[in-house]
Amino acid sequence: MKAVELAKSYNPKDFEDRIYQGWKDKGEFGPKKDASGEHFSVVMPPPNVTGILHMGHALNNSLQDIIVRYYRMTGRPTLWVPGTDHAGIATQNVVERQLKKEGLRRQDLGREKFLERTWLVKEKHHDIIKSQLEKMGCSCDWEHERFTMDEGLSRAVREAFVTLYERGLIYKGKYLVNYCPKCGTALSDDEVEYENMPGKLYHVRYPYADGSGYITVATTRPETMFGDVAVAVHPEDERYKEIVGKLLCLPLTDKKIPIIADSFVDREFGTGMVKITPAHDPNDWECGRRNNLEAVNILNPDGTLNDNCPQKYRNIQAVEARELVVKDLEDGGYIVKIEDHAHDVGHCYRCHTVIEPYLSDQWFVKMKSLAEKALAALENSDIVFYPRRWENTYSHWMETIRDWCISRQLWWGHRIPVWYCKDCGEVIVSREDPSCCPKCHGTSLEQDSDVLDTWFSSWLWPFSTLGWPEKTDDLARFFPTSTLVSAYDIIFFWISRMIMSSEEFLGQAPFRDIVITGLVRDIQGRKMSKSLGNGIDPLEVIDQFGADAMKFTLCYMAAQGQDVLIDMNSFKMGSRFANKIWNATRFLLMNLEGRNLVKVGEDEYSVMDKWIYGQLNSTCLAIRKAMEGYRFNDAAQSIYSFFWNDFCDWYIEESKQRLLHGTDDEKDRAISILMDILESSMRLMHPFLSFITEEIYQKLPNHDGDVIVASYPEYDGRRCFEDAARLVSSLQDVVRTVRSVRSNLQIAPEKKLKVVFRPSAGFAATDLIRDELVFVSSLVGASSFIVDSGSAQPVDGAFPANGLGYECFVFVRDAIDVDAEIARLEADTAKAGKSLAAVEAKLSNEAFIRNARPEAVEKERAKKAEFEEKIRKNTEHIALLSSF
RNA sequence: GGAGGAUUAGCUCAGCGGGAGAGCGCCUGCCUUACAAGCAGGAUGUCACAAGUUCAAUCCUUGUAUCCUCCA
């Protein structure tokens, strides 16, 4: 057999793109036609089509890719559906910003032209996103790619809307919505972000209508007083019991408003009296509804005061009107005082403009019955969150859910499938575009101008992408999906709603396992954001370290649900590991020269062979368990320590003896086992380091097809080789002990010394050490390594060291720092003394002997013996050293 | 106001009812014929604080402190 040449250093750019293209060309990402068993399917949380993927996407998609590749290799029919989201407001904002640079508004183009332009922007950004996902190595099935405004998904949106309407779950109503004046649209409650901001609290006198004095109310927004319809006090507030029902004069107007009682009033806040402005405050809105109060809207859609206000203030922006109103109130003697007052102000989650509560016509979904089904799904364990603690958050949201405002005053999105007949006023809600009014047969129909909230399409994602409402094969085969991986910031927006829609339309949960990842933050724990400039571009990471290094590092750091704090340097970890894999492979492939691969039977295994196979085997088990619990960091750590610490540091090192100096037969057997482990390792590591393992796998003489579709190594209970594990562990201990002596004495590596190894009677690894004498000698730099089980060898003048069940004597004649070594031994003895005292205290405690598990007691006894031996030997060694 | 999370090595973080861990960083020595992106050795911790449960607590319970997030 010929050696295989590998480039001298690991350079992911040499092969990552090529490998990805190869997988794509061969159609490896789609579900195998002949795969059997339970399906495994995942839908990718669709990124906003106008966004560039950030590290959060990298984390999320890396984890999905790991899961998907893992299950694909276990042989299950596996599907990962990619796609993008039309992101109504965000995308429309992008296009409007472009227009603004050209001095245009969307109205100048008109709806149709504007949408044409938006589609172009969408296409461009979509291509960027797709190429980013490809660069990352995501093994999603591009044949199944979807976009929320695809024809099929649009049909699903209509089906959902009309079905809900038919079930009486959709209604249009006057409602106080969160209105973003900049985006010009209503927002759902969840799309409002609150931020504590400085403001003022104005204490204003409202005189009694009968002239008998005045009361004082506190408000942060005096300009809304023209919309006041009442002043409320707490019903149990003793101070104000007498005045409930009295009328007040609204200053600056000739309006009369009553004093009412409502328990939502906070008695401690301000004067304990609040003005009620139902059209401009959510709490007041609720209060107004409870008390049958009119809602007086005082704003125009552009944020100026309207005709419900006195002439003087009309058509002035609210902020300016406030100053004017305050001045007039002051002039009229109505202001008692003005205090600084910080309070939470709602901002648009897209453009961060201050939200204005605004009374308007909107479409809503009644959420109560939907939420009940979604809650039941959790109670029945149809869905499970990883980690579990998110289940509380989910239930709480479901229990306190409010109706969902789904209309948006935008152009980019799914048009609401409602038409109004201009002739008879009939409202038509239809799956198909109607050509005439079903009631009067008039043909002048006008479609509702609003579009639906983007989440109204993405909440259907797990089944709309599989063809729903059609009864497709995909739907039958891959629904419900298996696992959803998402960050916690969209549990409410998206995850919860998917569960509701799926329960409502398909009668089952859309997925079982919900994996909630942390957020990616910078090294100081701050969110990565454009304004801070602390973002890390995944493409830059890939450029610098490779996609495998990025994925492995993220996986290694993604402890269940914890935020991931990273900087550029973090990725060195994955990069070094990949380099290690590369070089270990390079070494092994070099050694193929002139060799024949042979089958080595289990009965021919050496202890070291058994050990490495056992380590491989237990790693398989560890990974399986980690994957089942979505403990990605555990899986990554298992792989890392197996490949690097076990395979490279010990097994390959041990093999070198035979590889370099063995007979042909020994060399053949050595390389055969090495190649076998390497081949298994590539399969084992492939989900976590996909490109490098494929690149290497293709070069292995013992490979079969592509690793991406190879079978995943399975745990085999019969191949644990626990005895070998114990023996090798002892051997490693001996090596470390001698090395430590040398290192402490600063003996140069090239200086070979005689070592006498003196095992105590019970030491199990004596035979192994005899068998591995050459290996052990080379590792400890011994000129001769004498196993002295009968204590026959003189050790006078040798430097002593002890370990678990043995002593070593290193023959070193050069000047050594005896004092330092004595000090070290004394410290060690003191530490052992402490440990011994603790153990003895335990053992002399009757309660411990009585109550503790027998194994625990046994272990303590063993520890006691161990510490005693250590102290005894240390004492001897100190004496020995003192005589130097 | 409610809920959740965090507090372990210099940094970022795992972990666990019975002898404190990883990566990075640091110190020392090595270019040992795969890898200096490497190898070997080493130092560093009242596991936030206080009570309780337990034979045994870094781990479980409660409280306190500090920090973070979400919801209202």
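Residue numbering restarts at 1 for every chain, and letters A, B, ... go by the order of the sequence lines. Treat the numbers as computed from the prediction; the structure is a model and nothing was measured.
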Using atom OH of Y556(A) as one end and atom P of A22(B) as the other, report the distance to the nearest whole Å. 9 Å

Taking side chain to side chain contact (heavy atoms under 4.5 Å, CB included) as the definition, give me every residue that meets it alongside A559(A), ordered by chain and number, with sequence neighbours left out. Q562(A), N633(A)

For atom CD of E5(A), decide whether the heavy atoms of other residues, nucleotides or ligands shown that lie under 6.0 angstrom number more than 12. no

Separation of G19(B) P from R861(A) CZ (nearest whole Å): 16 Å

Test of understanding: with side chain to side chain contact (heavy atoms under 4.5 Å, CB included), list the residues that count as partners of A801(A), not counting sequence neighbours. T737(A), V741(A)

Starting at atom CG of D828(A), determine the distance to atom C1' of G42(B), rounded to an integer number of angstrom. 14 Å

With P as the reference atom in both, quote the distance from A65(B) to A9(B) in angstrom, rounded to an integer. 23 Å

Atom-pair distance (CZ on F571(A); P on G23(B)), nearest Å: 18 Å

Considering only nitrogen or oxygen atoms on both sides, find all protein atoms under 3.5 Å from nucleotides 56-58 of chain B and state each distance.
none

Integer angstrom distance from the P of C24(B) to that of C71(B): 38 Å

How far, in whole Å, is A36(B) from C13(B) if one measures between their P atoms? 31 Å

What integer number of Å spans the P atoms of G21(B) and C26(B)? 23 Å

Give me the distance, rounded to whole Å, that separates G15(B) from C55(B) when you measure between the P atoms they each carry. 28 Å

Give a yes-or-no answer on whether the side chains of N702(A) and E679(A) include a donor-acceptor pair shorter than 3.5 Å. no

Should K863(A) be listed as having a side-chain N or O under 4.0 Å from OP1 or OP2 of G19(B)? yes

Could you tell me which residues satisfy salt bridge (charged side-chain N to carboxylate O under 4.0 Å, His left out) with E654(A), sequence neighbours excluded, listed by chain and number? R658(A)

Using the C1' atom as the reference point in each nucleotide, state the distance between U46(B) and G42(B) in Å, no decimals. 23 Å

According to the interplanar angle, ranging from 0 to 90°, do the rings of F647(A) and F642(A) count as parallel (below 30°), tilted (30 to 60°) or perpendicular (above 60°)? parallel

CA sep, side-chain torsions, deciding dist, call: N392(A), Y394(A), side-chain contact (heavy atoms from CB on, under 4.5 Å): CA-CA 5 Å; N392(A) 288 332; Y394(A) 171 86; over 6 Å; no

Nearest-angstrom distance from the residue atom NZ of K831(A) to C1' of G42(B): 13 Å

What is the distance from CD of Q732(A) to C1' of A40(B), rounded to the nearest Å? 14 Å

Tell me: NZ of K572(A) to C1' of G23(B), nearest whole Å? 12 Å

Counterpart residues, ring pair (Phe, Tyr, Trp, His ring centres under 6.0 Å), relative to Y630(A) (two or more places apart): Y386(A)

For K870(A), all residues meeting side-chain hydrogen bond (donor to acceptor under 3.5 Å, both in side chains), sequence neighbours excluded: none

Decide whether D567(A) and S570(A) meet the rule of one side-chain donor and one side-chain acceptor closer than 3.5 Å. yes

Identify all stems in which RNA chain B takes part, counting only runs of at least 3 consecutive pairs (Watson-Crick or G-U wobble, each distance under 3.5 Å), and give each as one range with another, ordered by first number. B:1-7 with B:65-71, B:10-13 with B:21-24, B:26-30 with B:38-42, B:48-52 with B:60-64

Can you tell me how far C1' of A40(B) sits from CZ of R739(A), to the nearest Å? 6 Å

Work out how far the C1' atom of U8(B) is from that of A57(B), and round it to whole angstrom. 15 Å

Within residues 833-840 of chain A, those residues having any heavy atom closer than 4.0 Å to RNA chain B are none

Residues 833-844 of chain A side chain polar contacts: donor-acceptor under 3.5 Å, at least two apart:
| residue | atom | partner | partner atom | Å |
| --- | --- | --- | --- | --- |
| S835(A) | OG | K831(A) | O | 3.1 |
| S844(A) | OG | E840(A) | O | 3.0 |
| S844(A) | OG | A841(A) | O | 3.1 |

State which residues pass salt bridge (charged side-chain N to carboxylate O under 4.0 Å, His left out) with R576(A); sequence neighbours excluded, sorted by chain then number. none

Protein heavy-atom contacts under 4.0 Å, written 5' to 3' over nucleotides 1-14 of chain B as B (base), S (sugar-phosphate only) or - (none), form the string ---SS------SSS

To the side chain of R521(A), which of G23(B), C71(B), U69(B) is closest? U69(B)

Residue E866(A), side-chain heavy atoms: nucleotide from A72(B), A22(B), G19(B) that is nearest: G19(B)

Assert: residue with more 5' nearest nucleotide on RNA chain B, out of S740(A) and E750(A), is E750(A)

Is it the case that more than 12 heavy atoms not belonging to E855(A) sit under 6.0 Å from its CD atom? yes

Would you name the heavy atoms of F688(A) and C555(A) that are closest together and state the gap between them? CD2-SG, 3.7 Å

Could you measure between the two C1' atoms, the one in C16(B) and the one in C27(B), and give it in whole Å? 30 Å

Between F15(A) and W582(A), does the ring centre distance come in under 6.0 Å? yes

Which atom pair, heavy atoms only, marks the closest approach of F545(A) to M568(A)? CE1-O, 3.5 Å

Against the six-membered ring of Y556(A), is K551(A) placed for a cation-pi contact (under 6.0 Å from the centre, within 45° of the normal)? no

Of the listed nucleotides (U69(B), G19(B), A72(B)), which one gets closest to any side-chain atom of Y488(A)? U69(B)

When E868(A), E860(A), E866(A) are each screened for salt bridge (Lys or Arg N to Asp or Glu O under 4.0 Å) with K864(A), the one that passes is E868(A)

Spell out protein contact along nucleotides 32-38 of chain B as letters: B when the base is contacted, S when just the sugar-phosphate is, - when no protein heavy atom is under 4.0 Å; keep the 5' to 3' order. --BB-BS

